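Reviewing the structure listed below.
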Amino acid sequence: MKKISVKNKTSKTKGSQKNGKTASRVPSLLGALKKAYPGAHCALNFNNPLQMLFATILSAQCTDKRVNLVTPVLFSRYRTVEDFADADPEELMSIIKSTGFYRNKAKNIKAAAQLIESQFKGQVPSTMDDLLTLPGVARKTANVVLYNAFGKNEGITVDTHVLRVSARLGLTRSDKPAIVEKDLMKILPRHEWGQFSHLLIELGRDVCKAPRPYCKKCRLRPFCPWNKRHPELSKD
């Protein structure tokens with residue numbers, strides 16, 4: 001029993017030390033990211049929470065650029081939650097077809113609009129629990145809507161860029177979005193959660209690309225353990 005107790009204590013201490021070291025790098029990382037990408041923001045175009053919600057649903061397995069080509073037509077045809085709730089499925093599908101998985105997306109958009117109309121008095125809900133009741137909305141989508149439409153930091157949006165970049169920066173050891181989100185929430189100040197996603201997305205699109213990052217162009221080189229393990233990518 002005594003040996004087990006000592007082993008467990010040592011293991012917890014090492015884990016705490018690692019978390020502490022990771023958290024201690026966060027201010028420097030944030031400072032470098034904000035300096036590199038001062039204009040980081042949501043790439044989806046929207047004018048209100050309803051448009052934010054449906055643009056985010058459309059962005060699943062689709063680029064933001066493509067969504068932004070579709071939404072001007074979509075939002076000029078359907079202006080209110082009632083318009084979406086009463087939309088003809090075939091017409092709705094024809095407008096959003098180029099975003100992929102359009103049948104399921106059209107079904108979810110129409111059903112979500114109907115639920116918003118019947119259960120939320122025509123207003124997009126502004127809490128995590130309520131948003132998760134809407135068809136087509138999982139935690140990632142809810143995080144996007146809450147931060148960008150309502151200014152609420154309830155979680156951290158983990159898309160493919162955030163997943164990849166946070167691992168390279170040594171902020172997580174997981175490749176599972178739910179665990180990565182929890183890891184990031186533990187080390188970041190809550191008021192930075194939403195903007196941190198935008199900053200990592202900008203970094204991922206700019207230089208920290210898959211499968212090969214352009215480390216020599218990256219302003220986060222001094223704080224990046226991945227870069228230190230691959231010095232050949234930093235050579236001019």
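What you are looking at is a predicted structure, and each value in this text was computed from that prediction instead of being measured. Computed over heavy atoms, backbone and side chain alike; hydrogens, waters and symmetry mates excluded.
Following chains of ILVMFWY side-chain contacts shorter than 4.5 Å, one can reach Leu132 starting from Leu53, so the two form part of one hydrophobic cluster. Criterion: ILVMFWY side-chain heavy atoms under 4.5 Å apart, direct or through other members. Under it, Leu146 and Leu199 are not part of a common hydrophobic cluster. Criterion: ILVMFWY side-chain heavy atoms under 4.5 Å apart, direct or through other members. Under it, Val144 and Val165 are not part of a common hydrophobic cluster. Hydrophobic clustering, with ILVMFWY side chains joined whenever heavy atoms are under 4.5 angstrom apart, groups Phe84 together with Val145.
Heavy-atom minimum distance, Phe54 versus Ala112: CE2-CB, 4.1 Å. The two residues Ser197 and Val162 come nearest to each other via the heavy atoms O-CG2, 3.9 Å. Among all heavy-atom pairs drawn from Asn68 and Ala43, the shortest one is ND2-O, 2.8 Å. Taking every heavy atom of both residues into account, Cys62 and Val67 meet most closely at SG-CG2, 3.9 Å. In terms of heavy-atom proximity, Pro213 sits nearest to Cys208 at CB-CA, 3.9 Å. When all heavy atoms of Ala55 and Thr71 are compared, the pair lying nearest together is CB-CG2, 4.3 Å.
Counting heavy atoms from C-beta on, the side chains of Met93 and Lys110 never come closer than 4.5 Å. In this structure the side chain of Ser98 never reaches within 4.5 angstrom of the side chain of Leu69, judged on heavy atoms. Side chains of Val207 and Cys215 form no contact here, defined as non-hydrogen atoms less than 4.5 Å apart. Using a 4.5 Å cut-off on side-chain heavy atoms (C-beta onward), Leu29 and Leu171 make contact. Using a 4.5 Å cut-off on side-chain heavy atoms (C-beta onward), Tyr147 and Cys42 make no contact. Contact check for Leu33 versus Leu200: side-chain heavy atoms found under the 4.5 Å cut-off. In this structure, the side chains of Arg229 and Pro225 come closer than 4.5 Å at one or more pairs of heavy atoms. Here the side chains of Phe46 and Thr56 are not in contact, with every heavy-atom distance at 4.5 Å or above.
Of the possible polar contacts, one joining the Thr80 side chain to the Asp83 backbone as a donor-acceptor pair under 3.5 Å is found. Under a 3.5 Å cut-off, the side chain of Asp64 and the backbone N or O of Leu44 do not form any donor-acceptor pair. Put simply, the side chain of Arg25 gets close to the backbone of Leu169: a donor and an acceptor are under 3.5 Å apart. When atom types are taken as modelled, the side chain of Gln195 and the backbone of Ala40 share a donor-acceptor pair closer than 3.5 angstrom. Between the side chain of Trp193 and the backbone N or O of Leu188, at least one donor-acceptor pair lies under 3.5 Å. In terms of modelled atom types and a separation under 3.5 Å, the side chain of His161 and the main chain of Asp159 share no donor-acceptor contact. Side-chain N or O atoms of Asp183 include none that pairs as donor or acceptor with a backbone N or O of Val180 at under 3.5 Å. Side chain of Arg221 to backbone of Lys216: a donor-acceptor contact under 3.5 angstrom is found. Between the side chain of Thr141 and the backbone N or O of Ile57, no donor-acceptor pair lies under 3.5 Å. Using a distance-only test at 3.5 Å, with no hydrogens or angles considered, no donor-acceptor pair links the side chain of Glu117 to the main chain of Glu82.
Residues meeting the salt bridge (Lys or Arg N to Asp or Glu O under 4.0 Å) test with Arg79, sequence neighbours left out: none. With sequence neighbours excluded, no residue satisfies side-chain hydrogen bond (donor to acceptor under 3.5 Å, both in side chains) with Asn108.
Atom CD in Glu91 sits 11.5 Å away from atom CD1 in Ile96 (nearest 0.5 Å). A distance of 8.5 Å separates CG of Asp88 from CZ of Arg77, quoted to the nearest 0.5 Å. In this structure, CG on Leu163 lies 11.0 Å from CZ on Arg168, to the nearest 0.5 angstrom. Here CG of Leu203 is found 11.0 Å from NZ of Lys209. Values are rounded to the nearest 0.5 Å. Asn153 CG to Met185 CE: the interatomic distance, rounded to the nearest 0.5 Å, is 9.5 Å. The CD1 atom of Ile95 lies 6.0 Å from the CG atom of Leu74; values are rounded to the nearest 0.5 Å.
The side-chain tip of Lys105 does not point at the ring of Tyr102 from less than 6.0 angstrom away and within 45° of straight on. Within the cation-pi definition used here (under 6.0 Å to the ring centroid, within 45° of the axis), Arg212 qualifies as a partner of Tyr214.
Ring centroids of His198 and Tyr37 are separated by 6.0 Å or more, keeping the two rings apart.
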Please test Tyr78 against Val73 for side-chain contact (heavy atoms from CB on, under 4.5 Å), starting from the C-alpha separation and ending with a verdict. CA-CA 9 Å; Tyr78 307 105; Val73 177; over 6 Å; no

Would you sort out whether Leu134 and Ile116 count as a side-chain contact (heavy atoms from CB on, under 4.5 Å), showing the intermediate values? CA-CA 8 Å; Leu134 300 179; Ile116 291 170; 3.9 Å; yes

Take Thr22 and Thr172 through the side-chain contact (heavy atoms from CB on, under 4.5 Å) test and state the conclusion after the steps. CA-CA 9 Å; Thr22 301; Thr172 181; over 6 Å; no

Would Leu58 and Ile109 count as a side-chain contact (heavy atoms from CB on, under 4.5 Å) here? Give the steps. CA-CA 9 Å; Leu58 290 177; Ile109 287 173; 3.8 Å; yes

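In Arg103, the CZ atom is not crowded: 12 or fewer heavy atoms of neighbouring residues, nucleotides or ligands sit closer than 6.0 Å.
None of Lys176, Lys140, Arg139 except one satisfies the salt bridge (Lys or Arg N to Asp or Glu O under 4.0 Å) rule with Glu181; the exception is Arg139.
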Less than 3.5 Å apart, which donor and acceptor atoms pair up between the side chains of residues 122-129 and the rest of the protein, not counting sequence neighbours?
{"residue": "Thr127", "atom": "OG1", "partner": "Asp130", "partner atom": "N", "Å": "3.2"}
{"residue": "Thr127", "atom": "OG1", "partner": "Asp130", "partner atom": "OD2", "Å": "3.2"}

